[in-house]
Structure formats: structure tokens, C-alpha cells
Asker: 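Structure provided below as C-alpha cells; questions to follow.
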Amino acid sequence: QIGFLQKIGRPQYKIGQTVYFNYDDGKEIHECYGKIQRVNKYGTKKIPNEVSYDIYGLDLENQTKQKVYVDVPDSKIEAVI
């Protein structure tokens, strides 16, 4: 857990980077990609012990629209595209 806590305040990714990430909608896990719009480097109420990101990408329900995926945990981001 020590290594985990050291991630708080030290985000791996930056605003403007396009990333590939896994998104869990409660039914299944989806592979998504999008551009980071916000970095929550000290966590959020929902995810207090991990850096998270707000990512703008294609909407899973309507692929012709885009949406913001809020509070995507650092551990769910797979790579920078």
C-alpha cells in the first residue's frame, strides 16, 4: 500500500494527452480512448486514494456523440496514444 499512496499528487498523465483506458459502466468493462481534460491529482470524494482523470471521448451509447468520463482512476489507463 505504500507504493499506492505515493501516487497521490503525482499524476502519470497530463491534460491534453490522448489515452486508452478501461471504463466500467457497472455491467461490463469497455475499452475506450479520449483526451484528458482534467487531472484530480489529490483524488476525489469518489476515489480518495488514487489520482483520477476526466476524459473526453466517444459516448458508448451513441458513437456519433462525445462525453466526459468523470473520475477515471489512474490504474484504469493503459497507455498514451
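The first residue in the sequence is number 1, and the count goes up from there. All values below come from the heavy atoms of this structure, side chains included, with hydrogens, waters and symmetry mates left out.
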Asker: Would you check if the side chain of Asn40 reaches a backbone N or O of Gly43 as a donor-acceptor pair within less than 3.5 Å?
Answerer: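 No, because the side chain of Asn40 does not come within donor-acceptor range (under 3.5 Å) of the backbone of Gly43.
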Asker: Just how far is it from atom OG1 of Thr18 to atom NZ of Lys35, taken to the nearest 0.5 Å?
Answerer: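 Thr18 atom OG1 to Lys35 atom NZ measures 5.0 Å (nearest 0.5 Å).
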Asker: Does any non-hydrogen side-chain atom of Gln37 lie less than 4.5 Å from one of Ile15?
Answerer: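 No, every pair of side-chain atoms sits at 4.5 Å or beyond.
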Asker: To the nearest 0.5 Å, how far apart are CD in Glu78 and CD in Glu31?
Answerer: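 If I round to the nearest 0.5 Å, the distance is 8.5 Å.
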Asker: So which atom in Ser75 and which in Glu50 form the shortest heavy-atom distance, rounded to 0.1 Å?
Answerer: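 Closest approach of Ser75 to Glu50: N-OE2, 2.7 Å.
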Asker: Around Gln63, counting heavy atoms of other residues, nucleotides and ligands shown, do more than 12 lie under 6.0 Å from its CD?
Answerer: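 Result for CD/Gln63: enclosed.
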Asker: Let me check something: do Tyr23 and Ile29 share a hydrophobic cluster, defined by ILVMFWY side-chain heavy atoms less than 4.5 Å apart, either directly or through other members?
Answerer: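 In one cluster: no.
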Asker: If we ignore angles and hydrogens, is there a donor and acceptor under 3.5 Å between the side chains of Asn22 and His30?
Answerer: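 Side-chain D/A pair, Asn22 to His30: absent.
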Asker: May I ask you to test the Cys32-Leu60 pair for a side-chain heavy-atom distance under 4.5 Å?
Answerer: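 The answer is yes; the side chains approach within 4.5 Å.
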Asker: Taking atom CZ of Phe21 and atom CD1 of Ile36, what is their separation to the nearest 0.5 Å?
Answerer: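 Answer rounded to 0.5 Å: 9.5 Å.
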Asker: Mind checking the OG-NZ spacing from Ser52 to Lys41? Nearest 0.5 Å is all I need.
Answerer: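 So the OG of Ser52 and the NZ of Lys41 are separated by 13.0 Å.
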Asker: Please report the closest heavy-atom contact between Lys27 and Asp25, naming both atoms and the distance.
Answerer: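 It is N-OD1, 2.8 Å.
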Asker: Verify the cluster assignment for Tyr56 and Ile77: are they in a single hydrophobic cluster under the rule of side-chain heavy atoms below 4.5 Å apart?
Answerer: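 In one cluster: no.
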Asker: Distance check, rounded to the nearest 0.5 Å: Asp24 atom CG versus Tyr69 atom OH?
Answerer: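 Separation between the atoms: 12.5 Å.
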Asker: Between Ile81 and Val72, is there a shared hydrophobic cluster once you connect ILVMFWY residues whose side-chain heavy atoms come closer than 4.5 Å?
Answerer: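 In one cluster: no.
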Asker: Is the Tyr33 to Tyr20 ring centre distance short of 6.0 Å?
Answerer: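 Ring centroids of Tyr33 and Tyr20 are no less than 6.0 Å from each other.
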Asker: Can you list the residues that meet the side-chain contact (heavy atoms from CB on, under 4.5 Å) rule with Lys14, with sequence neighbours excluded?
Answerer: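 Scan of Lys14 (side-chain contact (heavy atoms from CB on, under 4.5 Å), adjacent residues dropped) gives Gln17.
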Asker: Do we see a donor-acceptor contact under 3.5 Å between the side chains of Gln66 and Asp59?
Answerer: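 No donor-acceptor contact under 3.5 Å links the two side chains.
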Asker: Could you check, using the six-membered ring where one of them is a Trp, whether Tyr13 and Tyr53 have ring centers closer than 6.0 angstrom?
Answerer: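 That pair passes the under 6.0 Å test.
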Asker: Without swapping roles, check the side chain of Asp54 against the backbone of Asp71 for a donor-acceptor pair under 3.5 Å.
Answerer: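 Answer holds: yes.
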